[in-house]
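To find a chain, count down the sequence lines: A is the first, B the second, and so on, and within it residues start at 1.
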Number of protein chains: 2
Amino acid sequence: MQPKVTIYDVANAANVSMATVSRVMNRNPKVKQETKERVLKVIHDLNYHPNAVAQGLASKKTTTIGVILPDLANDYFANLAVGIDDIALMYNYNIIIANSSEDTEKENKIVDNLLAKQVDGIIYMGRDQTEHFQKSTKDNGTAVVLAGSVDQEGTPSVNINYRKAICDATSFFLKQKQKVALVINDKNYSINSDYRIPGYQDALKKYGVSFDPNLIFEYRDNNSISNPMLQDIYDSDATAAVVYSDDVAIMLLNKGFQLGKSIPDDFQIITSNNTVVTKYARPMISSISQPLYDIGAVAMRILTKIMNNEKVQDKQVFLDYDIIHRGSTRI
Amino acid sequence: MQPKVTIYDVANAANVSMATVSRVMNRNPKVKQETKERVLKVIHDLNYHPNAVAQGLASKKTTTIGVILPDLANDYFANLAVGIDDIALMYNYNIIIANSSEDTEKENKIVDNLLAKQVDGIIYMGRDQTEHFQKSTKDNGTAVVLAGSVDQEGTPSVNINYRKAICDATSFFLKQKQKVALVINDKNYSINSDYRIPGYQDALKKYGVSFDPNLIFEYRDNNSISNPMLQDIYDSDATAAVVYSDDVAIMLLNKGFQLGKSIPDDFQIITSNNTVVTKYARPMISSISQPLYDIGAVAMRILTKIMNNEKVQDKQVFLDYDIIHRGSTRI
DNA sequence: CTGAAAGCGCTTACAG
DNA sequence: CTGAAAGCGCTTACAG
């Protein structure tokens with residue numbers, strides 16, 4: 001274990017003050033070229049690496065941001081996180097990632113931890129933000145951007161236009177005169193109440209089909225093919241489904257196979273996240289394609305702007321989506 | 001934005017010194033009960049949250065650890081990360097996660113960042129550690145634990161016994177007199193040269209089958225069903241394959257389907273990581289089952305011990321694995 | 001262009 | 001059991 005070399009050692013060896021070393025490190029332009037070179041050489045020779053914790057305390061900037069997400073093991077969030085991480089590294093930020101597990105108590109603890117560590121900003125993903133999160137970040141003046149999560153109170157966010165995407169997927173089926181089921185998680189989450197269900201209804205209205213609440217399925221709990229909800233969908237009038245999650249879509253597909261249904265002949269499916277599993281299924285599953293990496297990347301980019309007090313053009317950014325047709329839909 | 005309340009404000013309001021407030025926060029037992037309660041009340045009333053950056057500078061402990069992994073979007077690493085994160089939170093650590101993308105230059109930058117931020121330890125995953133990583137962590141005296149990655153130089157690690165697991169999987173096929181292909185990534189990675197290939201050879205020896213190097217396939221690049229390697233496997237003598245990655249196993253399965261092979265009748269597959277995709281495939285893929293969450297969790301637990309200078313029993317921890325037979329093998 | 005000094009918000013011997 | 005003071009390793013006005 002080598003002795004730690006501090007800014008003080010560099011200053012001594014280079015015959016300048018700590019302030020000058022600091023200026024060189026921070027690329028302050030008003031340092032004489034000659035001095036700068038001398039300091040740079042000493043920095044290199046001594047293999048000096050500034051202590052970011054001390055920098056953080058003195059400058060009140062930690063170049064660390066927090067990322068709160070429901071589940072890192074979920075491909076959807078993991079892909080967003082990769083986009084965030086790449087841009088973060090590019091702008092010299094590090095990310096503290098924490099799984100909220102959609103558990104409010106755990107999330108509160110995470111938020112407290114993150115703020116105690118003086119993160120410069122937070123990217124939040126998942127369902128609706130908790131009150132504690134909103135209050136704490138506001139009190140601390142911490143920059144927040146939502147990624148792949150809907151906005152409740154004017155917080156900047158990056159998403160696709162869920163309402164329009166669900167409307168498009170539903171319309172695709174309605175054009176074929178299918179009875180369309182909408183499979184979501186909790187009806188009360190804003191993303192469902194404010195975007196998915198209205199989008200579904202937009203499509204119905206466009207095609208003059210009346211809304212049947214029995215065709216909205218709330219998928220919950222038991223995350224396996226034995227979840228009775230899957231059976232219920234096939235037992236209903238529906239001949240097609242727009243599904244909010246790829247995992248659920250795959251299970252719906254496999255359940256159909258188990259029941260002897262032919263997909264897409266007897267039943268069609270469009271899912272929402274286009275994660276890699278859609279391509280692993282047989283038939284491959286048609287999906288709304290979201291630019292996950294980009295959503296994360298753009299969210300991080302916006303966060304850097306907010307942290308630098310730069311102007312942010314649009315608070316709500318909608319990135320383009322596509323609907324990719326594979327084996328689970330008939331064209 | 002609320003004014004920040006510091007330890008100084010608390011000390012003032014409670015009529016004690018900062019030192020006493022600090023002692024209360026750190027649960028130092030030698031504080032009079034009465035004083036302690038008074039301070040606690042003020043802390044609560046003022047909603048005081050200590051600044052972890054200042055604590056870090058003063059105590060030289062940041063309660064933050066770094067996690068370096070090749071790809072967060074890979075289910076295998078994501079699951080390890082979840083185990084790490086859970087235990088980290090339990091011991092009040094936060095984790096800075098960084099994607100190395102298996103890019104040496106990027107990884108070096110990450111290592112420098114992490115050490116500059118004075119992380120108390122690092123959990124490393126992925127292929128062989130770089131020299132820069134080894135040297136820097138050693139010079140800094142930073143604790144390191146490997147998770148799901150093999151040990152090169154006595155660094156503590158948590159794994160399953162890959163050699164034995166591959167031997168078991170291979171033996172399963174040899175018992176049926178199959179010709180077994182071993183599908184790996186780069187032969188030169190220690191995990192392949194020191195564990196997987198020897199394990200495969202152990203099985204051959206046990207069954208008196210001679211080693212045929214043409215049955216070792218190095219999968220690279222083009223990560224899709226069109227990768228010619230997949231075709232090569234079916235074109236070889238092999239009637240079964242032990243595969244190092246679930247993604248590759250699925251593609252191998254789907255390739256077989258494309259070629260009109262029946263799995264498991266014409267060809268059998270055992271994969272290595274038992275991630276969720278194995279259950280999404282049809283037939284579902286048999287797999288070595290690694291306790292990914294546990295590997296991450298145990299690695300983090302060991303790291304906490306090292307950081308606390310506690311004794312660590314075994315430097316190399318092997319967790320139990322299983323082989324789970326599903327539709328891609330014949331029993 | 002450069003330095004001296006205060007300050008960031010804590011912890012930790014040391015002394016009592 | 002408690003306080004005064006030094007120190008952690010930087011940055012940042014301020015002065016020159």
Minimum-distance nucleotide (side-chain atoms of [X] versus [options]):
X	options	result
B:Ala19	C:dC10, D:dC10, C:dT12	C:dT12
A:Lys60	C:dT11, C:dG9, D:dG9	C:dG9
A:Thr20	C:dT11, C:dG9, C:dG3	C:dG3
B:Ser59	C:dT2, C:dT11, C:dC10	C:dT11
A:Lys32	C:dT2, D:dG7, D:dG9	C:dT2
B:Ser17	D:dC1, D:dC10, D:dA4	D:dA4
A:Asn51	D:dG3, C:dT11, D:dC10	D:dC10

To the nearest Å, give me how far apart [atom1] ([X]) and [atom2] ([N]) are.
X	N	atom1	atom2	result
B:Gln55	D:dG9	CD	C1'	17 Å
A:Gln33	C:dC1	CD	C1'	13 Å
B:Asn15	D:dT2	CG	P	12 Å
B:Asn28	C:dC10	CG	C1'	15 Å
A:Asp9	D:dC10	CG	C1'	13 Å
A:Leu57	C:dC8	CG	P	9 Å
A:Ile7	D:dC8	CD1	C1'	14 Å
A:Asn12	D:dC10	CG	P	13 Å

Between the side chain of [X] and the main-chain N/O of [Y], is any donor-acceptor distance below 3.5 Å?
X	Y	result
A:Asp85	B:Ala98	no
A:Asn79	A:Tyr293	no
B:Thr62	B:Gln118	yes

Taking OP1 and OP2 of D:dT11, is either one under 4.0 Å from a side-chain nitrogen or oxygen of A:Tyr8?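 Checking A:Tyr8 against D:dT11: no side-chain N or O falls below 4.0 Å of OP1 or OP2.
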
Distance test, side-chain N/O of A:Thr35 to OP1/OP2 of C:dC1, below 4.0 Å: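 For C:dC1, OP1/OP2 do not have a side-chain N/O of A:Thr35 under 4.0 Å.
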
Contact class for [X] (heavy atom, under 4.0 Å): base, sugar-phosphate, or nothing?
X	answer
A:Val53	nothing
A:Met18	base
B:Lys30	base

Using distance alone, with no hydrogens and no angle criterion, decide if A:Thr64 and A:Lys117 have a side-chain donor and acceptor under 3.5 Å apart.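 Absent: no donor and acceptor within the cut-off.
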
Can you see whether A:Glu107 engages A:Tyr124 through a side-chain donor-acceptor pair at a distance of less than 3.5 angstrom?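 Per modelled atom types, A:Glu107 and A:Tyr124 side chains form a pair under 3.5 Å.
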
First encountered from the 5' end of DNA chain D, between A:Asn26 and B:Arg23: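 Mapping each residue to its closest nucleotide by heavy atoms, the 5'-most match is B:Arg23.
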
Stems where DNA chain C pairs, listed by first number, each of three or more Watson-Crick or G-U pairs under 3.5 Å: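 Stems (3+ consecutive pairs) listed as C:1-3 with D:14-16, C:5-12 with D:5-12, C:14-16 with D:1-3.
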
Can you tell me how far the CD1 atom of B:Ile68 sits from the OG1 atom of B:Thr137, to the nearest 0.5 Å?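 The distance works out to 8.5 Å.
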
Between A:His49 and B:Leu115, does a side-chain contact (heavy atoms from CB on, under 4.5 Å) hold up when you go through it step by step? CA-CA 9 Å; A:His49 291 280; B:Leu115 295 176; over 6 Å; no

SB check B:Asp103 B:Lys109 (cutoff 4.0 Å):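 No, this pair does not count.
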
